[in-house]
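Since the structure comes first, as structure tokens, the remarks are kept for the end.
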Amino acid sequence: MSSALLADLRARGLIFQIAGEDDLPAWLDGGVRTLYCGFDPTADSLHIGSLVPLLMLRRFQLAGHKPLALVGGATGLIGDPSFKAQERQLNTPEVVSGWVAKLQQQVSRFIEFDDGPVSAEVVNNLDWTANMDVLTFLRDVGKHFSVNAMIQKESVKQRIEREGSGISYTEFTYMILQSFDFAELNKRYDCTLQLGGSDQWGNITGGIDLTRRLNGNQVFGLTMPLITKADGTKFGKTESGTIWLDAAKTSPYAFYQFWLGCADADVYRFLKYFTFLEVDEINEIERADAERQGRPEAQAILAQEVTRLVHGDEGLAAAQRITESLFSGSIEDLAEGDLAQLRQDGLPASTVSRADFPETLTQMLTDAGMAGSGKQVKDALGRNAVTVNNRSLGWEDNARVAASFEPSEALHGRFYLCKLGKKKYHLFEIGA
RNA sequence: GGAGGGGUUCCCGAGUGGCCAAAGGGAUCAGACUGUAAAUCUGACGCGAAAGCUUCGGUGGUUCGAAUCCACCCCCCUCCA
């Protein structure tokens, strides 16, 4: 039943370390097991960094195990110091609980809740920590931890040893809290496996030790590799910031574009990490791409698969509609309804009335969010990198805003598709 | 509580009285080349169309002139007690 799962995960490169490696395959094969992975509320949405663990829960579920998604209502109040260079700012309980509610909803999209014995559940560690008093915590939980061992953990080492940083007692306690979660889930749900990113190894093994001491049970841990990019830059961030899972924060279109822009050197690896396509299938794609000249197909497949997983068929369709019209089609062919639809679909857009035109294009495009400052627009104009409905504008047009948005050039009387550089589009809807 | 080190533009990091909007690197943006790639090369990179305006932890002061000197304050780190 499940050593096949481990083999698949290994083939995908999704396994970094396993605690209890010798016994885990047999344990998984022996029946329905409950496993969990935690997600701390550090923002009002998860970002794509959480995608691998989320899909991992689903992979286990598909293989016949019961996943628990833990949203850290308690741990989110403390802050995980693991491999963080600096102490983090505490968020207020109100803010955190608001985030918890959002994450619970988000997490739920990736796992199946109505699936018999392997039905997923969402749990919150605030449930078993909120009412625990300090003395009980210190006596029943803290007593099992050796500070000597804790300060040896790689995850907090730089905070303890490196000059220029430090760690508060609060954050130092995080590991104990997370360990307690595992022991508690073991007791409540018979949970015997914890998943996490490789940065969670220290916290996971802490939980394994505590579970053994508190409950006398052997439990397992599995970590996934840190997602890296071939060029060494951080995965999941772009020029415009974090790629969120929330459609309101990162539109399906932007999300789709993110994956489409994936480097050749990364794309096949990412297909294995982020999709449910079979490894053989992915290898086949890679071979086909290698034989073909020019543009590989893998990015399009990756973008399609992941966007569908996160935003559903509708979100994917919207993203592809926009992409198609901007990069392949010609904008003159777009029907009036299509343009309105693009706006609906999440193409950056704004409505301006002629009476409110600013003095300069630099102002107008900066206001629209197309550039961070007028200087950037100036630079782009100077290189003929700005177009409005396919007509290129130059620096000399800067003060001629109205002339740049000639009524006679409007699409369907009111739309102007403005492009800055090669990829940045903005739809202006201009009324009288 | 004591001693010492430090806080510079997104990040790292130079800069100890004018030549400093502040070296260098990274990141980012734009152009060429391309595949809406990569690598490479070029330009931009506090704000502003410009005139000009605002920055070097904070507040005051010295000076014709301060990121640089002085005073006080805040924050961080290390060691000692």
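A note on names: the letters A, B, ... follow the listed sequences, proteins ahead of strands, and every chain is numbered from 1. These numbers were taken from a predicted model, which means no experiment stands behind them.
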Look at all strands and tell whether A:A385 reaches a base, only sugar-phosphate, or nothing, counting heavy atoms closer than 4.0 Å.
sugar-phosphate

How far, in whole Å, is B:rC45 from B:rA27 if one measures between their C1' atoms?
11 Å

Round to the nearest Å and state the distance from A:K229 atom NZ to B:rA39 atom P.
10 Å

Pairwise P distance, B:rU54 and B:rU8 [rounded to whole Å]:
22 Å

Compare side-chain N and O positions of A:K419 against OP1 and OP2 of B:rA30 and report whether any pair is under 4.0 Å apart.
no

Starting the side chain at C-beta, find the nucleotide from B:rG35, B:rA32, B:rA49 nearest to A:T360.
B:rA49

Would you mind reading off the distance between A:Q376 atom CD and B:rG31 atom C1', rounded to a whole angstrom?
14 Å

Between A:Y36 and A:F182, is the ring centre distance below 6.0 Å?
yes

Classify the side chain of A:D264 and the base of B:rG35 as holding, or not holding, a donor-acceptor pair under 3.5 Å.
yes

N-O pairing of A:R213 and A:D209 below 4.0 Å:
no

Identify whether the distance between the nearest side-chain nitrogen and carboxylate oxygen of A:D345 and A:R321 falls below 4.0 Å.
yes

Contact under 4.0 Å: A:R383 side-chain N or O vs B:rG43 OP1/OP2:
no

A:K422, nearest nucleotide to its side chain (from B:rA32, B:rG48, B:rG35):
B:rA32

Quantified in whole Å, what is the P atom distance between nucleotide B:rC47 and nucleotide B:rU55?
15 Å

Where the side chain of A:K423 is defined as all heavy atoms beyond and including C-beta, which of B:rG48, B:rG35, B:rU36 is the nearest nucleotide?
B:rU36

If pairing means Watson-Crick or G-U wobble with both distances under 3.5 Å, then the partner of B:rA71 is B:rU59

Nucleotide B:rA37, atom P - distance to CD of A:Q299 in whole Å:
11 Å

Base-pairing mate for B:rG46 - Watson-Crick or G-U, with both contacts under 3.5 Å
B:rC53

Rounded to the nearest angstrom, tell me the gap between atom OH in A:Y268 and atom C1' in B:rA38.
13 Å

If we take the P atom in both B:rG7 and B:rC12, what is their distance in whole Å?
11 Å

Which of these nucleotides, B:rU36, B:rA30, B:rA49, is closest to any side-chain atom of A:L260?
B:rU36

If pairing means Watson-Crick or G-U wobble with both distances under 3.5 Å, then the partner of B:rA23 is none

With sugar-phosphate meaning primed atoms plus P, OP1 and OP2, does A:K424 contact a base, only sugar-phosphate, or nothing at under 4.0 Å between heavy atoms?
sugar-phosphate

Ion pair A:D379/A:R383, N-O distance below 4.0 Å
yes

Pair partner, B:rC79 [Watson-Crick or wobble, under 3.5 Å]
B:rG2

Side chain of A:D379: nearest nucleotide among B:rA30, B:rA32, B:rG48?
B:rA30

Watson-Crick or G-U wobble partner for B:rA66, using a 3.5 Å limit on both distances?
none

Gap between atoms CH2 and P, on A:W259 and B:rG35 respectively (whole Å)
25 Å

Remember a base hit wins even if backbone is also touched, and classify A:L420 as base, sugar-phosphate or nothing at under 4.0 Å, heavy atoms.
sugar-phosphate

Name the nucleic acid region contacted by A:Q257, choosing base, sugar-phosphate or nothing; use a 4.0 angstrom heavy-atom cut-off, strictly under.
base

Work out how far the P atom of B:rG6 is from that of B:rA14, and round it to whole angstrom.
11 Å

Distance between the P atoms of B:rU42 and B:rG60, in whole angstroms?
46 Å

If I pick the C1' atom on B:rA66 and the same atom on B:rC20, what distance separates them, to the nearest angstrom?
11 Å

In whole Å, what is the span from the NZ atom of A:K375 to the P atom of B:rG43?
17 Å

Parallel, tilted or perpendicular, as decided by the 30° and 60° cut-offs, for the rings of A:F235 and A:F274:
parallel

Pairing partner of B:rU16, by Watson-Crick or G-U wobble and under 3.5 Å for both distances, is none

Expressed as a whole number of angstroms, how long is the span from A:Q293:CD to B:rG35:C1'?
12 Å

Tell me which nucleotide, if any, is Watson-Crick or G-U wobble paired with B:rU34 when both distances must be under 3.5 Å.
none

Hey, is A:E409 close enough to A:R414 for a salt bridge, meaning N to O under 4.0 Å?
no

A:M364 CE - B:rA49 P separation (whole Å):
14 Å

The answer to which of A:W395 and A:N384 contacts RNA chain B further toward the 5' end, by nearest nucleotide, is A:N384

Would you measure the distance from the C1' atom in B:rU63 across to the matching atom in B:rG18 and give it in whole Å?
11 Å

Check whether A:D246 reaches the backbone of A:S45 with its side chain - one donor and one acceptor, N or O, closer than 3.5 Å.
no

Counting only side-chain N and O atoms of A:K378, is one of them less than 4.0 Å from OP1 or OP2 of B:rC47?
no

Within 6.0 angstrom of A:E314 CD, more than 12 heavy atoms from elsewhere
no

Between A:Y256 and A:T362, name the one whose nearest nucleotide on RNA chain B is closer to the 5' end.
A:Y256

